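Heavy atoms only: backbone and side chains are in, while hydrogens, waters and symmetry mates are out. If you're wondering where the values come from, they're calculated on a predicted model, not measured in any experiment. Just so you know, residue 1 is the first one in the sequence shown, and it goes up from there.
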Amino acid sequence: MKKIIFPLVILFALISDGCKDKFAVEYTVLEPEYMSYEDLRSAVVNETPVPLKHPGKIYFKDNYIFVNEYMEGIHVFDNSDPANPEEVTFIEIPGNIDMAIRNQTLFADSYTDLVAIDIADLQNVKELSRLTAVFPYTIPSYEEGARIGSVDQTKGVVIGWKKKTIHEEIPETSNYYPVHPSWYELTNGDYAATANSGITGGSANGAATFGVAGSLACFGLYGDYLYALSDYKLKHFDVSDNTAMQDLGAYSIPDPETVSIYNDLLFVGGNSSVTIYQINVAGDLTEMGLFEHVTSCDPVVIQGDYAFYTLRGGTRCGSEVNELHVLDISDITNPTRISIVEMTEPFGLGIDDDMLFICDGSDGLKIYDAANKKHIGLNQIGHFKDIQARDAIPVNGYLFVVGNDGFSQYDYSDPANIHRVSLIPVQEE
């Protein structure tokens, strides 16, 4: 975030008030703008297709691609023809970041709420149920150094900021300096950033069908259960009845960022570790294995006896390490790192058989032959530098890639001729 300084202008004209002199101060505050809870909880509707502006998480199911428009809703594309994906609708969901789909029900966050949405008819989506206040109260990002006004949670959710100039008169002898607390201070130090991160789509038991998530998803589905990372906790929901979801509580997890479900194992990628949990038949979790690493941002994907995760340094992610790591998880109680590959700015990743796809941020999309897990770095088979790659889903020979510049698809059915087949660019504001 860019630093800005809001000037404090002291007006030196002294103001007489009996025996006390005062001076005037003027400063700028960001005052919150609200959406009422009533409006929030009646806002899930179809809209005509709109341009991509701030693409976030991605999800794939039944030939449809779902692309989150950060904090606003979900674009739905018919991908029957990957060379010509067509947006069929935009589902307005204020405050949305994450999603997961079980059968014909889409589960999505909406600020503090979890919403179940019937998407059997994509032109006529319907809210089926809602659990209110199950996620932390969050606020939109604001520029570092800005003063913010008091947030009144009873008024609704904060959807934006409006600059306001404040004039005050204070005693000349006062040491008063107008300081407004940061959101971190307002919440007694609790984490309250709106940005979440997470990983791959859920596995299933029974007859339910699930989609595939990108590696930056916070939601994971397993059978009748939904898991969602939020505020240093892994929330646990029973979604067997999509008209009456149940909040089953939460597991406390240190520094969680991503969640991935593979068979009956749940992997949490965190700032300092990868943790492996066993999911039992009631959806409860038992910690089975832990691998600690340097402090970095950390999404994970799994295939067979191996877990692949990237570490990205800088900003909130801690260290300056930028690497791909490979873990041998054949013994889940004792995961062992077997390979490290240097990267530039790695975000999400995906794997299909022996093809590993790395979204390396400003250095584009990188593709590796991962047959030899210990020497992946020596077997790069593709590098597309012309995109800002952030997350990817490989499915049936096509790779769906989302980045700051838009949504792309690559045909990788022939590893010797990987090429982009379509692009939906971001429309600049």
Side-chain angles (χ1 to χ4, degrees), residues 40 44 56-59 61 66 68 70-71 73-74 91 93-103 105-117 127-138 157 190-204 208 210-242 244-262 265-271 275-277 279 282-285 287 298-300 348 391:
L40 171 68
V44 174
K57 312 294 179 68
I58 53 176
Y59 200 90
K61 189 175 189 297
F66 300 78
N68 161 252
Y70 184 70
M71 298 297 287
I74 298 172
I91 306 173
I93 312 172
N96 172 247
I97 298 173
D98 275 277
M99 71 191 101
I101 300 174
R102 179 181 187 270
N103 297 330
T105 303
L106 182 148
F107 301 96
D109 58 338
S110 179
Y111 285 106
T112 59
D113 300 351
L114 173 66
V115 188
I117 304 170
E127 181 174 320
L128 296 171
S129 62
R130 177 183 293 257
L131 290 175
T132 62
V134 293
F135 298 127
Y137 190 95
T138 59
V157 293
D190 291 338
Y191 178 74
T194 56
N196 297 319
S197 55
I199 203 129
T200 59
S203 303
F210 300 81
V212 183
S215 68
L216 298 179
C218 276
F219 281 17
L221 283 162
Y222 180 83
D224 292 334
Y225 303 102
L226 172 71
Y227 302 89
L229 287 178
S230 176
D231 193 33
Y232 297 116
K233 293 180 176 63
L234 181 66
K235 297 284 293 184
H236 182 200
F237 303 98
D238 183 334
V239 295
S240 55
D241 181 351
N242 52 26
M245 299 181 291
Q246 298 180 54
D247 186 346
L248 301 180
Y251 297 87
S252 293
I253 296 179
D255 303 324
E257 289 195 313
T258 69
V259 60
S260 176
I261 298 175
Y262 185 81
L265 299 176
L266 185 147
F267 294 73
V268 174
N271 282 344
T275 311
I276 307 172
Y277 297 87
I279 309 174
D284 296 323
L285 303 179
E287 183 175 333
D298 172 16
V300 187
D391 204 5

For the atom pair [atom1] ([X]) and [atom2] ([Y]), what is the distance rounded to the nearest 0.5 Å?
X: Lys57; Y: Leu216; atom1: NZ; atom2: CG; answer: 6.5 Å
X: Phe237; Y: Asp224; atom1: CZ; atom2: CG; answer: 15.0 Å
X: Ile117; Y: Asn242; atom1: CD1; atom2: CG; answer: 11.5 Å
X: Phe219; Y: Ile101; atom1: CZ; atom2: CD1; answer: 12.0 Å
X: Leu229; Y: Ile253; atom1: CG; atom2: CD1; answer: 6.0 Å
X: Met71; Y: Asn96; atom1: CE; atom2: CG; answer: 9.0 Å

So [Y] and [X], do their side chains get closer than 4.5 Å, heavy atoms only?
X: Ser260; Y: Ser215; answer: no
X: Phe107; Y: Val239; answer: yes
X: Tyr262; Y: Ile276; answer: no
X: Tyr277; Y: Leu234; answer: no
X: Leu114; Y: Leu226; answer: yes
X: Leu128; Y: Met245; answer: no
X: Ile279; Y: Ile261; answer: yes

Please report the shortest heavy-atom distance between [X] and [Y], naming the atom on each side.
X: Leu221; Y: Ala100; answer: CD1-CB, 3.6 Å
X: Ser110; Y: Val115; answer: CB-CG2, 3.9 Å
X: Thr105; Y: Ala116; answer: CG2-CB, 3.9 Å

**Request:** Under the side chain to side chain contact (heavy atoms under 4.5 Å, CB included) rule, what do Leu285 and Tyr251 come out as? Steps first, then yes or no, please.
**Result:** CA-CA 9 Å; Leu285 303 179; Tyr251 297 87; 3.9 Å; yes
Is it true that a side-chain atom of [X] and a backbone atom of [Y] form a donor plus acceptor pair closer than 3.5 Å?
X: Tyr59; Y: Asp98; answer: no
X: Thr258; Y: Gly269; answer: yes
X: Arg102; Y: Tyr222; answer: no
X: Asp238; Y: Asp247; answer: no
X: Lys61; Y: Asn103; answer: yes

**Request:** Could you check Ile74, Asp109, Asp113, Asn68 and say which one makes a side chain to side chain contact (heavy atoms under 4.5 Å, CB included) with Ile93?
**Result:**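 It is Ile74, the one option of Ile74, Asp109, Asp113, Asn68 that forms the side chain to side chain contact (heavy atoms under 4.5 Å, CB included) with Ile93.
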**Request:** Anything under 30° is parallel, anything over 60° is perpendicular, the rest tilted; go ahead and classify His236 against Tyr225.
**Result:**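 Tilted: the ring planes of His236 and Tyr225 meet at 30° to 60°.
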**Message:** Under the rule for salt bridge (charged side-chain N to carboxylate O under 4.0 Å, His left out), what residues qualify as partners of Glu127, not counting sequence neighbours?
**Reply:**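 Only Arg130 meet the salt bridge (charged side-chain N to carboxylate O under 4.0 Å, His left out) criterion with Glu127.
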